[in-house]
Amino acid sequence: MCGIVGAAAQRDIVPILIEGLRRLEYRGYDSCGVAVLADGEPRRARSVARVADLDVQVRKAHLDGVTGIAHTRWATHGAPVTHNAHPIFSRGTVALVHNGIIENFVSLRDTLRGKGYEFVTQTDTEVITHLIHSVYQGDLFAAVRKAVQQLHGAYAIAVMHKDQPHTVVGARRGSPLVVGLGKGENFLASDTLALANSTDRFIFLEDGDVCELTLERVRIADRDGHDAGREVRTVAACGCAVELGPYRHFMQKEIFEQPCAIRDTIAKAGSLDSPLFDKVAGKVFSKIDSVLILACGTSYYSGLTAKYWFESIAKIPTQVEVASEYRYRDSVPNPRSLVVVISQSGETADTLAALEHAQSLGHKHTLAICNVAASAIVRLTKLAFLTEAGREIGVASTKAFTTQLVALFLLAATLGKLRGYVDSTLEATYIRQLQDLPAALSAVLALEPQIIAWAGEFARKENVLFLGRGLHYPIALEGALKLKEISYIHAEAYPAGELKHGPLALVTGAMPVVTVAPNDRLIEKLKSNMQEVRARGGELYVFADADTRIVNDEGLHVIRMPENYGLLSPILHVVPLQLLAYHTACVRGTDVDKPRNLAKSVTVE
Ligand code: F6R
């Protein structure tokens, strides 16, 4: 979702801004722009194409300067056309970029119109720009502090004023913003990756903060206007993560990185003990009697899978909620619940808001499972487990999902041990299975050529049904989500037992039915569900464990997985579904890493 970069330096900062935007491309965007203060005036270039096109434009226009702001826009208010792209100007004086949504923009716009401001965009952002202009009295920092008090909604902004040539002011509430500290230069960005080539020293702004960057100084005021002494953190540069290497897309690279990501994630788990989740986790775990999981999208599906593990391994009642629903519904809080928030980015607005909502209801026992150490979600929870997936660039989540599953399995087994359901023999078995997972995953990845052969068929279809049962129903859901988001083929997932209660009406030879078929205790039931499809002329594409004895037949296409992997089987079974979605999208020629309308980091509601 929208990305921000800003800089005040003594050298031409346009290359830094463009490089920063390139590094933010993975978040998803539909237009981009950059503005600098040059000869006392703000000048800008904007594009509805890629950052590469913007780069060509700025070179042609010889746009350079020592103070600047830049933006990748993911449209919320107003179409993705050039005049709505940021930076947005007010009367040729103030230039501003914004990530977030201003909920009261209509009333603010009416008031500002009454004061003579002319609106030339359909964005909510333009009201912030004019508002700052309207309250400016020679001090941009003061003007921004005054203006943001009138805003309802979420924002991260970076602003410049033509009369303050070496100053960039930033502010955040709800949307992320970090300050990067350099020598004689300072930066602002939506995340640390954007500045990986410029600095490794960062300040993570908190909600309500307003900051002022000049060449030598960074000043931060908190929501009450007091000087905020925020911690400076060193974040190792991870520039290598943006290299594609021998792969065609980041999604493919990330699918193949899963054995390594899982090995790194379990490296710290020599035994199943609470310190894995923080040194105070033992105390917290001893007080809980249930689990409440909050997440969105793919992370929600990892939570759904975990519910099966929590209830079967640790015998602890578990509820899983879509964060955007939970945050607004009336619920009955149980203060003895462990609230587990799952998020790859750690910045998802709905998940953050759901966590804050849970806390406001009195939930104190909170745990984040997250892939980004310095994220808002990790900062807000009491306990945290960091997955070691490495930076995920492809919008469609793959290695973050499987590492979340590993983390959740570790949590279920740790709680199971604490509650007396996992003895030392079982603990050793779980640990061995986890350690063997990377090799088992590599064997599944070797199925890629067979999956490519299926992808040609799938690419011609408009609808696909996914079936799974029990622990593998959430995997069917995840397979359907992967396919729809990157290939734009309509896909739905059902627990196979539900087929006869409605979706069977859709089954014809034109709609492939993908079936996740592990050799677990439901396999015979699943085989009956498959018969229901075949009897209606449906075409089944089955990922079957080697020991299921499901073999190719008319209307029945089978890819043989390794032998059943017990409770950890979902982690293996999701991988061929990722590959199927990926190769189907490749055949259809979609923009796999940046599918239309989607963003990597969903920082607005
Ligand atoms: C789908 C996908 C999304 C995210 C969701 C939550 O492939 O990536 O559904 O899972 O937007 O994002 P995080 O995990 O960053 O909170």
Side-chain angles (χ1 to χ4, degrees), residues 1 28 74 76 100-101 103 152-154 173-176 207 288 290-311 316-370 375-378 380-381 395-397 400-401 404-405 408 411 466 468 473-482 484-485 490-495 498 502-503 597-605:
M1 215 148 257
W74 188 84
T76 57
I101 291 178
E103 286 162 6
H152 298 169
R173 187 169 70 209
S175 302
D207 262 359
I288 62 160
S290 57
V291 176
L292 167 63
I293 298 178
L294 305 171
C296 303
T298 287
S299 298
Y300 170 70
Y301 294 148
S302 72
L304 281 185
T305 314
K307 175 180 165 74
Y308 291 85
W309 287 332
F310 286 135
E311 299 205 338
I316 187 158
T318 302
Q319 197 184 329
V320 193
E321 299 239 11
V322 170
S324 55
E325 287 294 310
Y326 172 79
R327 63 182 287 193
Y328 290 119
R329 78 174 184 84
D330 291 332
S331 55
V332 184
N334 170 6
R336 297 195 63 193
S337 264
L338 175 67
V339 177
V340 179
V341 277
I342 310 169
S343 174
Q344 185 284 128
S345 60
E347 301 289 351
T348 302
D350 283 319
T351 309
L352 255 175
L355 170 62
E356 283 164 354
H357 178 64
Q359 286 168 330
S360 76
L361 294 177
H363 285 287
K364 289 196 177 61
H365 310 311
T366 54
L367 164 67
I369 291 186
C370 188
S375 60
I377 282 174
V378 172
L380 275 179
T381 48
V395 162
S397 189
F401 178 69
Q404 283 168 356
L405 289 178
L408 288 159
L411 179 60
F466 285 73
Y473 165 51
I475 298 306
L477 285 166
E478 172 61 3
L481 178 63
K482 288 287 91 94
K484 73 183 106 175
E485 69 183 324
H490 169 239
E492 280 190 72
Y494 273 90
E498 274 289 291
N597 307 338
L598 299 182
K600 183 71 186 161
S601 204
V602 188
T603 51
V604 295
E605 213 185 316

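Keep in mind the model is a prediction, meaning the values are calculated, not measured. In this chain, numbering begins with 1 at the start of the sequence shown. No hydrogens, no waters, no symmetry mates; every other heavy atom, side chains included, goes into these values.
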**Prompt:** So, Q359 side chain and L380 main chain: donor-acceptor pair closer than 3.5 Å or not?
**Reply:** yes

**Asked** Considering only heavy atoms from C-beta outward, does the side chain of V291 approach that of K307 to under 4.5 Å?
**Response** no

**Message:** Tell me which pairs pass salt bridge (charged side-chain N to carboxylate O under 4.0 Å, His left out) where either residue lies in residues 334-361, with sequence neighbours left out.
**Reply:** R327-D350

**Message:** On a heavy-atom basis, which atom in K482 and which in A396 lie closest, and how many Å separate them?
**Reply:** CE-CB, 3.8 Å

**Item:** Donor-acceptor contact present, side-chain E321 to main-chain L292, <3.5 Å
**Value:** no

**Prompt:** Looking only at heavy atoms, what is the nearest atom pair of Q404 and S299, with distance?
**Reply:** NE2-OG, 3.0 Å

**Fill in**
Correct closest heavy-atom pair for G346 and C370 would be CA-SG, 3.5 Å

**Request:** Decide yes or no on side chain to side chain donor-acceptor pair (under 3.5 Å) for Q319 and S290, but give the supporting numbers first.
**Result:** CA-CA 8 Å; Q319 197 184 329; S290 57; over 6 Å; no

**Item:** Euclidean distance, S343 OG relative to L355 CG, rounded to 0.5 Å
**Value:** 10.5 Å

**Asked** Which residue pairs pass the ring pair (Phe, Tyr, Trp, His ring centres under 6.0 Å) test when at least one of the two sits in residues 341-370, sequence neighbours left out?
**Response** Y326-H357

**Gap between atom OG1 of T351 and atom CG of L294 - 0.5 Å precision** = 8.0 Å

**Item:** CG on L338 to CG on L367, rounded to 0.5 Å
**Value:** 5.5 Å

**Asked** Can you tell me how far CD1 of I377 sits from OG1 of T366, rounded to the nearest 0.5 angstrom?
**Response** 11.0 Å

**Message:** Under the rule for side-chain hydrogen bond (donor to acceptor under 3.5 Å, both in side chains), what residues qualify as partners of Q344, not counting sequence neighbours?
**Reply:** N371

**Complete:** Heavy-atom nearest pair, A323 first then C296, reads CB-SG, 3.8 Å

**Spacing of L304 atom CG and T318 atom OG1 [to the nearest 0.5 Å]** = 11.5 Å

**Prompt:** So which heavy atom on L411 is nearest to which on F310, and how close?
**Reply:** CD2-CZ, 3.5 Å

**Asked** Just wondering, do F401 and I475 contact through their side chains at under 4.5 Å, heavy atoms?
**Response** yes

**Nearest-0.5 Å distance that lies between atom NZ in K600 and atom OG1 in T348** = 9.5 Å

**Request:** Scan T381, L408, L405 and name whichever one has a side chain to side chain contact (heavy atoms under 4.5 Å, CB included) with I369.
**Result:** L408

**Request:** Can you see which heavy atom on I288 is nearest to which on I316, and at what distance?
**Result:** CD1-CD1, 3.9 Å

**Asked** When L477 is tested against each of Y300, Y301, F466 for side chain to side chain contact (heavy atoms under 4.5 Å, CB included), which residue passes?
**Response** Y301

